[in-house]
Every structure is written in structure tokens, then in C-alpha cells.
Amino acid sequence: ASIFAAVEMAPRDPILGLNEAFNADGRTEKVNLGVGVYYDDNGKIPLLAAVKTAEKARLEAMPPRGYQPIEGPAAYNTAVQNLLFGKDSALIANGQVVTVQALGGTGALKVGADYLKRLVPGATVYISDPSWENHRALFESAGFPVENYPYYEPSTRGVNFASMKAKLEQLAPGSVVVLHACCHNPTGADLSEAQWGEVVGACRERGLVPFLDMAYQGFADGIEPDAVAVRLFSASGLQFFVSSSFSKSFSLYGERVGALSIVTASKDESARVLSQVKRVIRTNYSNPPIHGGAVVAAVLNSAELRQMWEDELAGMRDRIRAMRTGLVENLKAAGVAQDFSFVIQQRGMFSYTGLSVAQVDQLRNDFGIYAVSTGRICLAALNSRNIGYVAKAIAAVVK
Ligand code: PLP
């Protein structure tokens, strides 16, 4: 018999399943709000001009394609550090930050999780309730038990910070706490700077291992303000992990460009930690691909291209904001009495709308509008042509 004869079908990824259903839908007015991708006002994934310029130059130069260092090139890793920790960071100057290139934010989380399994094998990992779909599976596949800490409060459509903090203060020392550094996915509800300060305090008091996941730097208020959590942890003297991604901020999803950064207590610790992280990488995919990281490094390390990128990033951020206010206005205009202004307060690409499973079903069946069953919508999938239609459809299902 085949060795595969008894293999069971694994459950489908719920969001990819939604995309398949959307693609099969023949209605021309259909809208996919289930995605986790930024679309421009024409409904296209943008090619940033800064990226295009850097790519053209690379193509002209036709550099040889040897193996990269296991940790990726220094030009890339240093640029990542400057974005996350600030270019004048004392931690960087002291050699306390280890950064390795990774295959997107997901790859960074996986390398971090595998390394943590060697460092603190008995730990439990805590993720927010709810969290990005993949967090639980990823840390479980690295061998950790994964539990939730309270986060989202449906009644306020914000964070239940008192419950979150109370939970953190009860965790066993050495527990790993995964925190969304900004633009919480899926809820859009973020912590304030003061609340971040309290989270840092709780991590210090309980001896927790913070793991910040930064997938949307620049999508809320800007590159620097969105790094507030990283900066507060940096100032705390604690050791912590940061996974980061350029998928969204450079619109380079399929190139898989991200990084894992680990803050240690000293330069000497950094050297030893890096040697162990390299071992994790070496036995997994050996070394990272060249193209995406080279493009990002070229943009970040050129004053001119960097300015171009920052302007384009601001353009994406502003368009999402305009869609947030636009949706709220259009809902009002469509006669919706319910207060949807929370959509304007939420940050990043997503909003937990509070729509029920039945309402999400009705949006799909009656209007060809696809959202995640939790009521999560992607604001970056709205544009000037579909926003009125979407608002009218939501008005019809909430009445
Ligand atoms: N972390 C969070 C919170 C995300 O929302 C995402 C992407 O959706 C990722 C990590 C993964 O990013 P990447 O696509 O770069 O692997």
C-alpha cells in the first residue's frame, strides 16, 4: 500500500479558502475584504517607485548570485536595525542587537520560535485573544504549548487593558509573550504609549520573554511613532525578540523579506546568540534569498530612494485612513444609526467591525462582499469605486 494511503486532508486555511470562493464568484460588483494585502485605489497591489528604481539598477548591474551569509548581508541587517531601534540607538552602538534576514515576518517568527525552543524549552507561549491566524500554529509547530492573554473587548471595540495586564502579571517567569508592536491584526485595536509602558513593567516584574511582532511599521502613524513599543522595550534594559516584515511596507509580499532581531545584554552575548541562531537557519534553509533584501537595502541606504519610499508609505497610510473615514461617512449616508466611528480609531489595515457570522454570510450571499467570519475587514481593499457599494451592503445587513 502507498505510504500516503492513510493521510488525512489537513484543514484549509480559512482566509485562502475565502480567496478561492471569491475568485470563483462571477458577480462583477464583488469585493474581497478578506485579504491581508494593501491595494491601491485601482484595486491593484502597488509597485513602489522606489522599489522599481532599485530593481532596475540591480538588473542593469547583473550582480553574481553566490550564497549569502547565513544571517544575510550586513547592509540589510543594519538598515533593519536603524528602522526598528532608531539610527542613534545605544543598543546598536553597544552591539546588543543581533539581526538576521528572514523569509518575511513569518520566517522571522519561525526562526525565533525554533531558537526559543532551544533557549527556554519548557516555556509556554502567550498570544493575544484574538491574534494573527498563524501565531498559534507557528509556535505550536516549534513545540510550545500556546495560550491566550485577554486583548480585544467587543463592547468597546478596543483593548481590555486591565484584563490583559492582570493576566501578564500572573504568568510564570520565563513565559514568552507575543505582542503586536502596532496595527494589531485582526482587530485594529492598539495599545497607547502609556499602556506599552505598563506592559514593559509587567514583563520586567514577571521575568517574561517579550516577542514583538512588527508587520506593519509605517501603516499607523509613521515609521518612528509606530516603533514606540520597540523603543520602550529598548529603553527598559530587558532582553527581547522582534520579528519584522517588509511585505506590506514595501509591497514585496512574494519576495519574502523580513528579519529577526534579538536584544541581548552585551556584545559578548550577541556573538554567542548569533552563533546559535545561525545554527537554526543553517539546518532549515541555509541562507536567505538575495533579491528582496537587496532591493530593500538599496532603498533604505540611499537618501534619495529612502525619501521616495517614505512618501509612498505615507501615501498608503493616508489612503487607508481616508477609507476609514470614508466608510464611516458612507455608512451614515446610507442611513445606518449604529455608531461606527470606532473604525476611525482602529489602526493599520484591519478592522473588527462587529458584524456577526450571519451578517458576514449575508454580505457574501446577497452582495458578493467577502469578509472573514470574525467580522474582520481589510480597509485597504476599499477604494473610491467600491466604498459606496460596500457601505450600502453593510447598511442592508445591519438594519
Ligand atoms: N505577523 C502579523 C501580525 C501579520 O499580520 C503578518 C502578515 O499578515 C505576518 C506576521 C507575516 O508577514 P509576512 O507576510 O512578511 O510573512
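The structure presented is a predicted model; accordingly, all values stated were derived computationally and were not measured. Note that ligands are numbered from 1 as they come in the structure, with each ligand's atoms numbered from 1 the same way. Residues take their numbers from the sequence shown, with the count starting at 1. Side chains included, hydrogens not; waters and symmetry mates left out as well; all remaining heavy atoms used.
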Task: Joint cluster assignment, Val360 & Phe340, ILVMFWY side-chain distance < 4.5 Å - done: yes

Open item on the list: Show the atoms of ligand 1 that are less than 4.0 angstrom away from any heavy atom in Ser245.
Closed with: 12 (O), 13 (P), 15 (O)

Task: Where ligand 1 meets Asn185 - atom numbers and elements under 4.0 angstrom, heavy-atom basis - done: 4 (C), 5 (O)

TODO: Give a yes or no on whether the ring-centroid distance for Phe211 and Phe139 is below 6.0 angstrom.
DONE: yes

Task: ligand 1 contacted by Phe246 (non-hydrogen, < 4.0 Å) - done: no

Open item on the list: Set out, in order, the CA-CA distance, both residues' side-chain angles and the distance that settles ring-ring contact (aromatic ring centres under 6.0 Å, His included) for His184 and Tyr152, then state yes or no.
Closed with: CA-CA 10 Å; His184 187 269; Tyr152 184 66; 8.1 Å; no

Open item on the list: I'd like to know whether Arg347 forms a side chain to side chain donor-acceptor pair (under 3.5 Å) with Tyr216, so could you lay out the CA-CA distance, the side-chain angles of the two residues, the decisive distance to 0.1 Å, and finally the verdict.
Closed with: CA-CA 10 Å; Arg347 291 142 51 93; Tyr216 302 93; over 6 Å; no

Task: Min N/O separation Lys248 to ligand 1 under 3.5 Å - done: yes

Task: Cluster overlap Met214 with Leu109, hydrophobic side-chain contacts below 4.5 Å - done: no

Task: Ser247: numbered ligand 1 atoms lying under 4.0 Å from its heavy atoms - done: 13 (P), 14 (O), 15 (O)

- [ ] Measure from NZ or CZ of Arg376 to the centre of the six-membered ring of Phe350 and say whether it is under 6.0 Å with the direction within 45° of the ring axis.
- [x] yes

TODO: Considering the heavy atoms of Asp213, write down every atom of ligand 1 situated less than 4.0 Å from one of them.
DONE: 1 (N), 2 (C), 3 (C), 10 (C)

Open item on the list: Within ligand 1, which atoms have a heavy atom of Arg256 less than 4.0 Å away?
Closed with: 13 (P), 14 (O), 15 (O), 16 (O)

Task: Protein residue, atom and distance nearest to atom 16 (O) of ligand 1, heavy-atom basis - done: Thr106 OG1, 2.5 Å

Open item on the list: Could you tell me, atom by atom, which parts of ligand 1 come under 4.0 Å of a heavy atom of Gly105?
Closed with: 12 (O), 13 (P), 15 (O), 16 (O)

Open item on the list: Here's one to test your reading of the geometry: is the NZ or CZ of Lys30 within 45 degrees of the ring axis of Phe22 and under 6.0 Å from its centre?
Closed with: yes

Task: Residue-ligand contact His184/ligand 1, heavy atom below 4.0 Å - done: no

